[in-house]
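Below, read A as the first sequence line, B as the second, and so on, with proteins coming before strands; counting in each chain starts at 1.
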Protein chains: 2
Amino acid sequence: MSPETPADYEKCAVETTLELIDGKWKGVVLFHLLDATLRFNELRRRAPGATQRVLTKQLRELEADGLVIRTVYAEVPPRVEYRLSPLGETLRPIIVALKSWGTAYKERQLGERAAA
Amino acid sequence: MSPETPADYEKCAVETTLELIDGKWKGVVLFHLLDATLRFNELRRRAPGATQRVLTKQLRELEADGLVIRTVYAEVPPRVEYRLSPLGETLRPIIVALKSWGTAYKERQLGERAAA
DNA sequence: GCCCATAGTGACCGTTTGGATACTATTGGA
DNA sequence: TCCAATAGTATCCAAACGGTCACTATGGGC
């Protein structure tokens, strides 16, 4: 891990961030938690296509990485809420940037397809 | 793919971007191409750990997605140069943001470990 | 004639990732 | 009494991903 050159060090930093937000549904989860605290099934509805098992796993990873806070209420039926941690909050500009870039990219593609 | 709600649409946009820059070495490659046009082996040196096969594959994906331009010179020994496309250039603020966030994250972790 | 360098490709393999499906506990309501 | 809802687990499976190793073409230098 000791950086041989400054370039090596900086390279790793890009990867570090990507590893944390990489996972098929993590982007979706983080994006929706920007606006609100959500319960498990609310997240499921916002990530249609994600199975329970996978969504659970990704949420646990986000929690383990300190980006998301999971709060369990001792009720029946169970209630579990997910929200961004302060650290997760610092990702906000990045998530927003990813979203707007992706939107522009998709629109560009539509334009190209229309032209063809 | 037709969005059922605005939220669904926006979610996909985050994923769209992540899918393009996801890949173990794509972040590294893009980061280094921010500064310079690089030959294949120059990129290899900046991504130590990536094998030829994998690096080639990721470069081809970046090329196919229109983020990177690959130029082959008919020389011997071969010379192939990689540089950001105009579209890839538009990722610059995101790459820079990922890098600085990752740097801060790693420093934070060092601080925590030192405190423990 | 042989080796070097560059920028790959091809065969093979193991791990990780995500997905399908079925199952659980608890309690309030019909 | 039986069913529904929530937030999961458990088990099994397929595909994707990355890694290792060997191999290629070409022309210049020794």
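Under the 4.0 Å criterion applied to side-chain N and carboxylate O atoms, B:Arg46 and B:Glu42 are not assigned as salt-bridge partners. Using a cut-off of 4.0 Å between Lys/Arg side-chain N and Asp/Glu carboxylate O, A:Glu81 and A:Arg70 are scored as not salt-bridged. In this structure, B:Arg92 pairs ionically with B:Glu89, as a charged nitrogen and a carboxylate oxygen lie closer than 4.0 Å.
Counting only heavy atoms from C-beta on, B:Arg60 has its side chain closest to C:dG8 among C:dG8, C:dG19, D:dA7. When distances run from any side-chain atom of B:Gln52 to the nucleotides D:dA22, D:dA7, C:dG19, the shortest one goes to D:dA22. Relative to the side chain of A:Thr56, the nucleotides D:dT9, C:dG19, D:dT6 differ in distance, and D:dT9 lies closest.
Tested against B:Lys26, the residues B:Glu63, B:Glu61, B:Glu19 include a single salt bridge (charged side-chain N to carboxylate O under 4.0 Å, His left out) partner, B:Glu61.
The shortest distance between the side-chain N/O atoms of A:Arg79 and the OP1/OP2 oxygens of D:dA7 is not below 4.0 Å. In this model, the phosphate group of D:dG19 is not approached by any side-chain N or O of B:Lys57 to a distance below 4.0 Å at OP1 or OP2.
In terms of position along DNA chain C, the nucleotide closest to B:Val76 lies nearer the 5' end than the nucleotide closest to the other residue of the pair B:Val76 and B:Tyr82. Toward the 5′ end of DNA chain C lies the nearest nucleotide of A:Ala50, the other residue of the pair A:Pro78 and A:Ala50 mapping further downstream.
Across all strands, A:Arg70 comes closer than 4.0 Å only to sugar-phosphate atoms, never to a base (heavy-atom distances). Among the atoms of the strands shown, only primed sugar atoms or phosphate atoms (P, OP1, OP2) are found under 4.0 Å from some heavy atom of B:Gln58.
Side-chain atoms of A:Arg53 and base atoms of C:dG18 include a donor and an acceptor less than 3.5 Å apart.
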